[in-house]
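I have placed the structure first, in the form of structure tokens, so that the comments after it can refer back to it.
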Amino acid sequence: FFAVILFGFLSFSNGYSFDMKEVRSLYIAAVQALANNDLETAETKFKSILAFPASRKQKQLKKYKAKANYFLGDVYFMRRKYAISIGYYRAVVQKFTNYDIHSRTLYKLGRTLVLYKKYGQAIAILNEYLAKYNDKDKLGDNSLYWIGRAYIGEKDYQLALNTFQLVLNK
């Protein structure tokens with residue numbers, strides 16, 4: 001039994017050829033755990049997906065790694081560990097630009113930066129979201145709201161007021 005475990009460990013670290021069904025099963029279990037607010041299990045399973053080595057199945061695996069980063073950002077956001085959340089959201093924004101979750105992640109990154117009091121960065125990210133995606137995910141008004149909050153954080157009350165009026169005048 002010990003030899004089988006040792007062989008499995010050595011095989012994984014030496015280019016273990018995994019089946020995408022393993023990754024998919026981990027992903028489904030992680031999403032279910034997140035839906036049940038079992039953040040610890042979700043975190044462990046999403047991190048397991050990130051630990052899979054590069055392989056011939058890189059394109060399929062990359063999709064799961066993008067979503068694992070996205071949801072890990074959510075896990076840490078829910079725990080109010082904004083600095084860690086920002087790191088996972090940035091990974092998606094920087095490494096996975098061609099994925100459907102890119103737009104929502106850009107928004108979440110901006111919102112989280114506001115809560116982490118990185119107002120200048122938040123404004124830039126949320127303006128980038130608006131410029132690239134406008135209201136693609138129906139987050140345009142929310143983006144303007146968070147930009148307004150960032151301006152309040154910077155004590156630029158006139159820009160905050162102008163931003164909030166943009167939302168109200170729609």
### Query
Do K108 and Y70 have side-chain N/O donor and acceptor atoms under 3.5 Å apart?
yes

### Summary
Tightest non-hydrogen contact, residues I123 and A150, listed as CG1-CB, 3.5 Å

### Heavy-atom pair with the smallest gap, counting every atom of A42 and A33
N-CB, 3.7 Å

### Message
Is the shortest side-chain heavy-atom distance between F46 and L50 below 4.5 Å?
### Response
no

### Message
Is there a path of hydrophobic side-chain contacts, each under 4.5 Å between heavy atoms, that joins L166 and Y145?
### Response
yes

#### Entry: Distance, nearest 0.5 Å, that separates OH of Y151 from CZ of R149
15.0 Å

### Query
Which heavy atom of I125 sits nearest a heavy atom of L109, and at what distance?
CD1-CD2, 4.0 Å

### Aromatic ring pairing Y76/Y88, orientation class (parallel under 30°, perpendicular over 60°, tilted between)
parallel

### Query
Less than 4.5 Å apart, any side-chain heavy atom of D137 and any of Y107?
no

### Query
Does the side chain of K67 reach to within under 4.5 Å of the side chain of Y64, using non-hydrogen atoms?
no

### Heavy-atom donor-acceptor pair, K65 side chain to F52 backbone, under 3.5 Å
yes

### Query
Between S25 (side chain) and K21 (backbone), is there a donor-acceptor pair under 3.5 Å?
yes

### Task
To the nearest 0.5 angstrom, please state how far the CZ atom of R104 sits from the OH atom of Y99.
14.0 Å

### Task
Mind telling me whether Y27 and F71 have parallel, tilted or perpendicular rings, with 30° and 60° as the class edges?
tilted

### Query
Given side chains that start at C-beta, do those of I49 and K45 come closer than 4.5 Å, heavy atoms only?
no

### Message
Below 30° counts as parallel, above 60° as perpendicular, anything between as tilted: where do the rings of Y133 and Y129 land?
### Response
tilted

### Task
Check H102 against K132 and note the closest heavy-atom contact, atom names and distance.
CE1-NZ, 4.2 Å

### Query
Should Y89 and F77 count as side-chain neighbours, where that means a heavy-atom distance under 4.5 Å?
yes

#### Entry: Pairwise distance OG(S48) to CD(E43) - rounded to 0.5 angstrom
10.0 Å

### Query
Taking atom CZ of R79 and atom OG of S85, what is their separation to the nearest 0.5 Å?
11.0 Å

### Query
So with a 6.0 Å cut-off around NZ of K95, is the heavy-atom count from everything else above 12?
no

### Summary
To the nearest 0.5 Å, atom OG1 of T44 lies from atom CG of D38 at 8.5 Å

### Query
Taking all non-hydrogen atoms of both residues, which atom of A66 and which atom of V92 are closest, and how far apart?
O-CG2, 3.5 Å

### Message
On a heavy-atom basis, which atom in P53 and which in L61 lie closest, and how many Å separate them?
### Response
O-CD2, 3.4 Å

### Query
Is any side-chain heavy atom of T41 less than 4.5 Å from a side-chain heavy atom of N36?
no

#### Entry: Y119 side chain reached by I152 side chain, heavy atoms, under 4.5 Å
no

### Task
With the side chain counted from C-beta on, respond yes when Q165 and T163 share a heavy-atom pair under 4.5 Å apart, and no when they do not.
no

#### Entry: V75-I84 co-clustered via ILVMFWY side chain contacts under 4.5 Å
yes

### Query
Between Y157 and L161, is there a shared hydrophobic cluster once you connect ILVMFWY residues whose side-chain heavy atoms come closer than 4.5 Å?
no

### Summary
Output for pair (L126 CG, L106 CG), nearest 0.5 Å, gives 7.5 Å

